[in-house]
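Notes follow once the structure below has been shown.
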Amino acid sequence: MYDSQANELDTFVYAHRDMLICFAAGNEGSDKDGNGQVDPNSVTPPGTAKNCLTIGACENNRPNEAMTYGRAWPDDFPATPISSDRVANNPEGMVAFSSRGPTNDERIKPDVVAPGSFILSTRSRATKSKGWKLSQDPLYMFEGGTSMATPLVAGSVAVIRAFLRKSQGLKSPSAALLKALIINGARSLAGQYHPSEAGSVANNNQGFGRVDVQAVVGPHAANEELQFFDEKKKLDAGDREDRTVTIPAGSSRLKVTLVWTDPPGEGLQSDLDLVVVANKQERHGNMPAGSKDFDRRNNVEQVIFENLPPGEAVISVIAHSIAVAPQNYALVIRVS
C-alpha cells in the first residue's frame with residue numbers, strides 16, 4: 001500500500017534531490033495457496049514509495065548449508081519445488097520469503113535484488129541471538145532477509161556515488177541518477193525451478209535484476225560505453241529531449257534506463273515516456289517488444305535491445321503529463 005510512510009519518504013527525497021534512500025522490500029513472501037509459487041503483493045511500506053530504491057533478496061552461494069524453506073518455514077512453503085529447495089544453494093534464484101510486488105497501484109517492486117541468505121554479519125556483544133548460525137568468531141553470525149540484502153546495496157550506492165564524485169566530477173549526483181545507474185547495471189537472474197520464479201526483467205520478483213557494481217564503475221570492456229545525464233533539463237507536458245547514440249561494430253546491446261524523482265502522492269504525478277528507436281524498431285519503456293502502449297505507472301522505465309547491427313539509435317524522453325511542475329530526470333545509456 002502507499003501509506004503515510006511512503007508519502008513522507010517521497011516528500012523527503014523530492015525536497016532533498018541528492019538523497020537516495022534504500023529500503024528492504026520485506027520478508028513477507030509465501031506460498032499460502034500451496035501451488036509451488038510465491039504469492040504476489042507482499043512488499044511492505046515504506047518500500048512501496050516511488051522515490052526510494054526497494055531491495056529484494058536473491059540467494060547466496062553457500063551450497064553446503066542444509067536449511068530448506070520447507071523445514072524452516074513449513075506453513076509458508078508447503079509445496080515443491082520451494083519446500084525442498086535449500087535457501088542458499090543457487091545465486092541465480094530468488095529467496096522465497098523475499099516480498100514480491102506489485103504495489104497496490106500496480107508499480108514494479110522491488111527495484112533490484114542482492115544476496116540475502118546466510119550473510120555473514122556482525123553480532124552484538126549484548127545479544128543472545130545466534131541468528132541463522134553462529135560463526136567461529138563470536139562477534140559475527142550468519143543472518144538472512146531483505147534487511148541483509150539492503151545494506152549490501154546501500155554500500156554499492158556509496159561506491160557509485162564516490163565514483164561519480166571522484167572520477168566523473170559530479171559534486172552532488174542526484175538520487176535519480178544513483179538509482180538509474182544501479183538499475184541499469186543490474187543483471188537478470190536466470191531463476192531456479194521455472195521461468196516465473198525469477199522472471200525476465202523487469203518484473204515483481206527480481207525487479208530489474210541483481211546489483212552489479214562493476215557494471216557501473218568498471219573497468220569496462222573495449223566495446224562498452226556508458227553515458228549518463230543528471231537532471232539537466234526540466235520537461236513540461238508535451239516537451240521532449242532526443243539523443244542519438246552510435247552502436248559500433250563489435251557491440252550489439254543497448255540498455256537505457258530512465259528515472260525521475262516524482263512529486264509525492266499515490267500514482268504518478270509526472271509521467272515521462274522513454275522511447276528508443278533502433279534498427280527501424282521502436283520500443284517503449286517497460287513494454288514488450290512490438291507494443292505500442294506506454295507505462296503509465298512507474299517512475300523507472302527501461303528499454304533493452306539485443307543483437308543490434310551497427311548503426312544509430314535515437315533515445316527520446318517525452319513528457320506525457322505533468323501535474324505539479326516541470327519535471328527533470330536522470331538517464332543512463334549503456335552500449336556493449
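Predicted, not measured: the structure shown is a model, and the values here were computed from it.
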Original post:
Which pair of non-hydrogen atoms, one from Ala330 and one from Asp230, has the smallest distance, and what is that distance?
Top reply: CB-OD1, 4.3 Å

Subject >> Minimum side-chain heavy-atom gap Asn27-Val95 below 4.5 Å >> reply: no

Subject >> Residue pair Trp260 / Lys50, side-chain heavy-atom distance below 4.5 Å >> reply: no

Original post:
Is Arg17 close enough and on-axis enough to Tyr14, meaning under 6.0 Å and within 45°, for cation-pi?
Top reply: yes

Subject >> Approximate separation, where rounding is to 0.5 Å, of Glu197 CD and Asp85 CG >> reply: 7.5 Å

Original post:
Which heavy-atom pair separates Pro91 from Asn61 by the least distance, and what is that distance?
Top reply: CD-OD1, 3.9 Å

**OP:** Please report the closest heavy-atom contact between Tyr2 and Glu266, naming both atoms and the distance.
**Re:** CE2-N, 3.5 Å

Original post:
Can you check whether Val300 reaches Gln302 side chain to side chain, under 4.5 Å on heavy atoms?
Top reply: no

**OP:** Of all the heavy-atom pairs spanning Cys52 and Leu9, show the shortest one and how long it is.
**Re:** CB-CD2, 3.5 Å

Original post:
Taking only residues two or more places apart in sequence or in another chain, which ones pass side-chain hydrogen bond (donor to acceptor under 3.5 Å, both in side chains) with Glu306?
Top reply: Arg253

Subject >> Lys/Arg-Asp/Glu bridge criterion (N-O < 4.0 Å) met for Asp76, Lys32 >> reply: yes

Original post:
For the residue pair Phe12 and His16, does the interplanar ring angle fall in the parallel (under 30°), tilted (30 to 60°) or perpendicular (over 60°) class?
Top reply: parallel

Original post:
Do the charged groups of Arg240 and Asp242 touch, with an N to O distance under 4.0 Å?
Top reply: yes

Original post:
Below 4.5 Å, heavy atoms only, C-beta onward: do Tyr69 and Asp31 meet side chain to side chain?
Top reply: no

Original post:
Side chains of Thr244 and Glu312: do they bring a donor and an acceptor to under 3.5 Å?
Top reply: no

Original post:
Are Phe305 and Gln281 close enough that some pair of their side-chain heavy atoms sits under 4.5 Å apart?
Top reply: yes

Original post:
Is it true that the side chains of Arg100 and Asn205 contain a donor and an acceptor less than 3.5 Å apart?
Top reply: yes

**OP:** Identify whether the distance between the nearest side-chain nitrogen and carboxylate oxygen of Glu92 and Arg210 falls below 4.0 Å.
**Re:** yes

**OP:** Can you label the angle between the Phe294 ring and the His284 ring as parallel, tilted or perpendicular, going by 30° and 60°?
**Re:** parallel

Subject >> Donor on one side chain, acceptor on other, Asp105 and Thr103, under 3.5 Å >> reply: yes

Original post:
How far apart are the C-alpha atoms of Lys133 and Glu65, what are their side-chain angles, what is the distance that settles it, and do they pass the salt bridge (charged side-chain N to carboxylate O under 4.0 Å, His left out) test?
Top reply: CA-CA 10 Å; Lys133 177 184 174 181; Glu65 300 295 344; 3.0 Å; yes

Subject >> side chain to side chain donor-acceptor pair (under 3.5 Å) assessment of Ser270 paired with Gln327 >> reply: CA-CA 7 Å; Ser270 297; Gln327 179 69 50; 2.9 Å; yes

**OP:** Taking atom types as modelled, find out whether Arg334 and Asn184 have a side-chain donor-acceptor pair closer than 3.5 angstrom.
**Re:** yes

**OP:** Please report the shortest heavy-atom distance between Ala57 and Ser98, naming the atom on each side.
**Re:** N-OG, 2.9 Å

**OP:** Could you state whether Leu308 and Ile304 fall into the same hydrophobic cluster, counting links through intermediate Ile, Leu, Val, Met, Phe, Trp or Tyr residues with side-chain heavy atoms under 4.5 angstrom apart?
**Re:** no

Original post:
Is any NZ, NE, NH1 or NH2 atom of the basic residue among Lys109 and Asp111 found under 4.0 Å from an Asp or Glu carboxylate oxygen of the other?
Top reply: yes

Original post:
With the threshold set at 4.0 Å, does a side-chain nitrogen-carboxylate oxygen contact exist between Asp271 and Arg296?
Top reply: yes

Original post:
Got Asp239 and Asp236 here, is their nearest side-chain heavy-atom distance under 4.5 Å?
Top reply: yes

Original post:
Between the side chains of Asp18 and Ser174, does any donor sit under 3.5 Å from an acceptor?
Top reply: no

Original post:
So, Tyr329 versus Asn299: side-chain donor-acceptor pair below 3.5 Å or not?
Top reply: no

**OP:** For the residue pair Asp295 and Asn286, confirm or rule out a side-chain donor-acceptor distance under 3.5 Å.
**Re:** yes

Subject >> Basic-acidic side-chain contact under 4.0 Å: Glu59, Arg86 >> reply: no

